[in-house]
Each structure stands twice: as structure tokens, then as C-alpha cells.
Amino acid sequence: MDVKRLATYQPAWLEQPTGYRVTGPDEDVLTLAVAAATALEHLDDVERIDVVTSQPDTVEGFAETAIPLALGLAAETPVALRVGGAPAALEALTTAPVGSLVIAVEVGPPAGSAAAVVGEAGARLTPHPRAGARLPMRVRALGDPAPAVYDDPRFLRDRGHLPTIVALLGDDDSGPVVAAGFDARLLERAKVRAAPPPLDDIPVKGAAAGLFAVAAMLEAKASGRVLAMEDGTGLVVNVESADSVTPSRVCRAGTPHVPRSRDDTEIAVSLPAYERAFAAKVGMTAARCGCGAISFPPRIHCADCGDAGDKVPLPLPRAGTVYSCVTVHVPVPGLLHPYALGIIELQGLPVRVLAHVTDCVPDSVTIGDEGDLVLRRVAIREGVPDYGYAFRPAEKAGQEVAA
Amino acid sequence: MRDVAVVGAGMIPFGELFEQGIKDMLPRTVSAALSSVDDGMDRAEIGAAWFGQLVPVDGFPSGILADSCGLLNIPVTRVENQCATGNDAVRNALYAVGAGAVDVALVVGADKTRETAARSTFWDWMKLSRDMAWDYPLGLIAPANFALHVSRYMHEYGVTPEHLAMVAVKNHHNAVTNPMAHLRFEVTVDDVLEAPRVVGPFGLLDCTPQSDGAAALILAAGEVADRYTSRPVWIRGVGLGLDRVMHAHKTDMTTFPATTRAAAQAYTMAGVTPEQIDVAEIHDCFTGVELMNYEDLGFCGRGEAPKLIESGHTELDGGLPVNPSGGLKAKGHPPGATGVAQCVELFEQLRGHAANQVPTARWGLAQNIGGPTAVGAITIMEGPGV
């Protein structure tokens, strides 16, 4: 199979002192998946979606419909949630049918997600059969807050990883191997040439690590093998880069993560109200009247011409400019303290959106700042994640990370 | 429509009235209004009552008013229109009297905001006053709601935090000599600028306190007014204006269409222009909102409110004293009571016996704007001349 397009996403926040990227308070597996897929040039050829993660955060009631809606795809696009790490992500990628969008997510830390569209012409990925049984070094039952850990790294190395490396890579010295999901120094121990790791803060374990490794090869226009391995089980994928495939990367200059407090008051939810608003809110879809007026949130009665008939759905752009913004400094039950609210004017349209400001210190945004509306979990209401859009200001000059 | 006059007005001091329940506040306020009638009035002469209360406590509002105040023989209607409740209660009573349905009407406004823990009061109210799907989960609390407007207003017109602070200084100063006020201490511009931040441009001293309180007016038809007083105050104009309820749907956020619509109605009905207003009690729930109100009410042109506050024109000794009572900022703001209390102040000003009496007072204007900045109410009164 071929990867036609690939994009990676890393959150804006840096954990101290590790330097790992960590999710913001409004990010979860679902929003990370959308963030990576949003960075792809287009999704016109996507017919189904796979999400792979080793740490699913919602096992009952995962709002899978939010993913295609947020991406501008048909709400009924099939979405499959798969639990697994780097080997599982590469398996998903290399076995997915044409027209698949495969998204690997890790909340970590380090957090990150990567999305790839599978098709007929692009960068060729060839998998080899998996080797090695999974050793239950870390096992967590659903509902347990922490895994059971069998703390014996040398056992894992000697009975798990080294034999699997030998079984998968053998005497084949055709080129350096990219490690995904494990420490690359193990390759050297097995007398295998390891490709240098590309960056310090990419996800080093889990599903996202698998696709970040592929992205690194495609970025370098290199061809060679990726070994994804965890807990003794592993998979090798041969990657042949293509000129036409250059990964997109979304990764802001990191901002030190400053935890904000939030009390445990529940925010009430009305499921009928939630359901009625869902498609418009998650899809950022306005209503266009026959007279041309656009309403968002959608209105039945047109404020311009008074017509109360059917309106046509209009997907909205995500780029916008701050019309007004304020920071709430007082603690508000159920909300982070502090938080910033903005009224955002969308690019090119007479439409405004009320949204939280995200991915920056709340007080750092002013009127006139440009940015994008991004899908985030804006609240958890009586346990139900509430997805909507938050305003992420554009990075100021001098802050961009080289893609 | 018949002429309608205010012949009595009374209130209880606003504050954190932990020692009074709603059933204590209401009879005291009604008695105060009755006692203020120059030639006396028995409550049996009241033909109907309108009760403005934003958040009911201890039971349904109309029943509580009727039962606690010995008004079980008359119709009582509860009015609620967010922070415009008080002046809207006046408007409703006015039309009943003006149409001849009743000769004497009682208007009461009251609220107990301090009946629940301070932190949760306005958050509980948010659940009732914000769109459940779109706005409520974002934490659009009342100060944020207004701060988004004032922030844009400051940006477009070069209004500074000092201009906002001047409003607080003025209104606090006025409240020191008003025994009915909740907060009776002076503040300086520096006090206001250095106060802990609440939302956006507003610090603690830019925001109205959470208050309990009640106020009442007695309205009488023109043909019976002289039974009660030889110095009635006539309600010449009323207005109620509305606007889009969601910020995303608003257009120019540097003005409140709810106020301008209400103002157009009231000025037209009264046959006066803004220049003729001698004294005004307007809605300074947050300092910056008083400045926006100056412009929406036509007291100055767009963007000129900062010059107005700088010049002292709206001080007690200025050309148009605004909020001689101390305003919402210092007199306090029990939402249902506020509009009625503004009219109580104007009744006294226009008859020459207010605590902070202004030198010239023939025409007075009361104004509310409320949440989320989508409803405004105005009452314009003409007194016998001071």
C-alpha cells in the first residue's frame, strides 16, 4: 500500500523538566486525532477512518461521529477505534484499504498524533510479518488507575527485544533502521545500525511513535526500514519515500505548561440541546438563507430578511481575527482558572464565533490577533465530553518551529 | 392614554441583608412607599401590583408579595426581563393605569442575591440565562458578557482604564451621602486600577456588588393624583428594547441596540430630547457600561463619553448629574429592585428632597440594560420643577 499524504501534530505545551509535549486541558484522543488529520492538504479521497491509540480515554461512548464532522466528511463515514501501540499502528497503516485515513494518537506524555491517507500512488510501505510474543511487562485492566508493572528491564531486553530484533532484522544490513516505540540504543546492542532519532520531543512510545517514524523517513526523502517494537513484539516496515509525499507538521514553539486549577463542580448538560447543536457545533456549519445571509449558530428566522424557511448548510473557514477578548480572572465553578473568551471574526465572512482562547497563556491575546479555530473538548459536562471550537492564536514572528 | 404620575416612592437600604428574608423586605418597602405619599394612602386603595424579581426565593413571587404585604385582594403580576426587570415593571403598571384598568398601581422590585453562597450565585443564574449548547459551557459569566463589549469599545474609541475608574470614583463619592447605598466609601482612581482583576478591563471596583434590596413606587392616574399630592411626578415616556441574545449574532458591540431602541421609544413618547434631561439614573453594572450608556442615551456623540466623564459634566454639580444615588456600582444592584430604585431616586430628585439633591431637576431618566446585553428599559419622568 502507499501513503499519499501524512501529517503530524504535537501540542503546544511543554512539561517541565522533561521537555515532553503534553496535551492542553482541552485536548484528548479525539481532538488529537482531528488535529493531525486537519493538517493534511485535503481529505477528498477518504472513505473510512482508523484511530489507533494505546491509551484510549473514552471506552464507552467515544463520540466517533465528531471526527468526520470536524473534518468536513460525511457524518456516516465509518470510524474504527483500535487499541494498540507502535506495532499496531503500523499494522493498521499497512493493512488499511485504499481510501483509509489512519490516525495514530498518544496522549503520553510525550503527546502527539499523526494521520496518513492510504491510496494507490505515493510512498510505498511494505510490511513484514510480526515477530515475538508480547511479554506482559505492563498490564492495566479497565478501571485500574495504574498498570501492573513487572519491573525487570534486562529480562525484557534479553528475552524480548533482542531476540525480536534478531528475528526481524537478522543479517540484513541494507541500511540504518529507524526505531519506533523503543530505545534505539537497543539496535546498536544487537549490532544493527540505528538511524539517529530526528527530534527530541516526538512521541517515543505508542501508536503515534510508529507513524512519526515513517514521517521522519518521508521528510528526509530516505528509504529504509522502520522497526516498531514494544514489550518484545515487533514489526518491520519497509518505507520507500516518494518525491510527491512531504509530510506536514504542526508543532508550535513550546510554551511551558502552567497547570491551571479547576474545582470539581459539574457543569450541567442537556442532551437534547447537545444533540440539536452537535452537527453545527462540531462541523462548524452555518446556515445560509436564500437571501445570502449567514447565521452561526444557525437560526431558523433569518435576521436579515425574516424568512423562516429551510436554510442551506454552509461549512465555515477556520481562520479568524480577534474582534474582542477578555480574560476571566475569578474562579468560576467547573472551569479552569483563569480562562480567556474571545469573539472571533471569521476570515472573509460576516460571521463571529464566541470561543475559549487556547494553546497560550490566557492574557496573551489582543484585539486584531489572527489565528485559527480548532476542535477541542471545550468542557466535560456531567461526564459527557462537549466538543466545539477554541481559538488558537497564530504564533508571533520568530516563534515558528522549522517544519 | 391617561396621564400617570408617581405619587409615592420608597425603598429599604441595599446591602447584604442576611437578617431579612424576602418576606421581611417586601412589607417594609411597601410601607415605606405608602408613608412617602404626601397626603397619605391606605394600601386598600391600591388596585393592582406589579412585582419585578429576577430570581424567586421562598416561593412564587406574586404570592409572596400579596401574602406578605396584605395585598391578597388585588391582582399581582410578576415581571422578569433580566436586569431591565425594574423599569419594565414600571412600564407594565403604567399601561394598566394609563389604559384605565386601574387608578392606583403598586410597583415593587426586589431581589435576594445573597441567599446563596457568593461564589455560586451568578453561576447558578448562568444556567438559566445562557444557551445550554453553545454559550453556557464556555463560562460566559455576567462580567465577561459585558467585558467583551467594553473591551471592543475601549479599543475602537481609545477609552482608557482611567476613564472607567473615574465612573467608580464618581459613583462611590455620591453613595457616601446616600443612606440607602450598599457601599458607602470613597475610592480613588488608583484604588480602582489596582483592585484585583475580575474579567478583562474590570477589576473588583469596576463591578457592582452583589446586593439584596427592594424598592417600590405608587402610580396614580392623573385624575386621582391630587388626592395624594400636589407635587406629582409624571411618567412621560417608557421604552423597552431588545437585541440578539447571542454575542456571535451581534453586530457592532460598541453600542447596545437594546438601549437605543428603548431610548427611541421613551424619548418619542415623552416628546423630549436627550439635551432636556436634567438628571439620570443609569445602569452602571460595570463602570465601562456607564460610558457606553452616555452615548446610547444620546447624552454625547459616539466615542465622546470619555470626554464627558473627564469634564465632570456628569458629577453632582455638573450639567447632567448621572447616578446621584451612587448608581449600581455603589448603591448596589439587586436586579429586580434596581430599576424601581432608580425611579425612587428620580421621584425625590424631581421634587427636591433627594439625599444628594441636584440643583436643577425637571426631567429625569432611568435606564437599565441587561443580560446578556439583550434587553433595555427606560423610564422618563417630568417633575413639578426644581
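In the text below, chain A, chain B and the rest are named by the order of the sequence lines, each starting its count at 1. The structure presented is a predicted model; accordingly, all values stated were derived computationally and were not measured. These values consider heavy atoms only, across backbone and side chains, with no hydrogens, waters or symmetry-generated copies.
Between A:A268 and B:M132, the shortest heavy-atom contact is O-CE, 3.9 Å. When all heavy atoms of A:A303 and B:R244 are compared, the closest pair comes out as CB-NH2, 3.4 Å. Scanning all heavy atoms of the two residues, the minimum distance from B:P137 to A:K281 falls at CG-NZ, 4.3 Å. Between A:P297 and B:H249, the shortest heavy-atom distance links the atoms O-NE2, 2.9 Å.
Judged by distance alone, the side chain of B:Y136 and the main-chain N or O of A:I267 form no donor-acceptor pair under 3.5 Å. Of the possible donor and acceptor atoms, one in the side chain of A:H356 sits under 3.5 Å from a partner among the backbone N and O of B:L138. Side-chain atoms of A:R352 come within 3.5 Å of backbone N or O of B:K250 as a donor-acceptor pair. The backbone N or O of B:G139 lies less than 3.5 Å from a partner atom in the side chain of A:Y339, making a donor-acceptor pair.
For the set A:V378, A:V326, A:V351, the count of heavy-atom pairs under 4.5 angstrom toward chain B peaks at A:V326. Put simply, of A:A340, A:S270, A:C325, the one with the most heavy-atom pairs under 4.5 Å next to chain B is A:C325. For chain A, the option among B:L204, B:V198, B:T251 with the highest count of heavy-atom pairs below 4.5 Å is B:V198. Looking only at heavy-atom pairs under 4.5 Å with chain B, the residue among A:G368, A:A273, A:P333 that has the most is A:P333. Of the listed residues (A:L335, A:I367, A:I380), the greatest number of heavy-atom pairs within a distance under 4.5 Å of chain B belongs to A:I367.
For A:I300, the CD1 atom sits in a loose shell: 12 or fewer heavy atoms of surrounding residues, nucleotides or ligands are nearer than 6.0 Å. Shown here is A:Q347, whose CD atom has no more than 12 heavy atoms of other residues, nucleotides or ligands within 6.0 Å. Surrounding CD of A:E370 are at most 12 heavy atoms belonging to other residues, nucleotides or ligands under 6.0 Å away.
Both the backbone and the side chain of A:V328 come within contact range of chain B, each with at least one heavy atom under 4.5 Å from a heavy atom of that chain. For A:A355, the part sitting under 4.5 Å from any heavy atom of chain B is the backbone (N, CA, C, O) and nothing else. At a 4.5 Å heavy-atom cutoff, A:R276 makes no contact with chain B through either its backbone or its side chain. Heavy-atom distances place both the backbone and the side chain of B:L140 under 4.5 Å from chain A. Heavy atoms closer than 4.5 Å to chain A are found in the side chain of B:M246, but not in its backbone. The part of A:A379 that comes within reach of chain B is its side chain, from C-beta onward, which places non-hydrogen atoms under 4.5 angstrom from that chain.
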**Study point:** side-chain contact (heavy atoms from CB on, under 4.5 Å) evaluation trace for A:L354 with B:D135
**Key:** CA-CA 8 Å; A:L354 173 71; B:D135 292 351; 3.5 Å; yes
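Scanning residues 144-168 of chain B against chain A with a 4.5 Å non-hydrogen threshold yields B:A144, B:A147, B:L148, B:S151, B:R152, B:H155, B:E156, sorted by number.
Taking the six-membered ring where the residue is Trp, the centroids of A:F296 and B:W134 are separated by under 6.0 Å.
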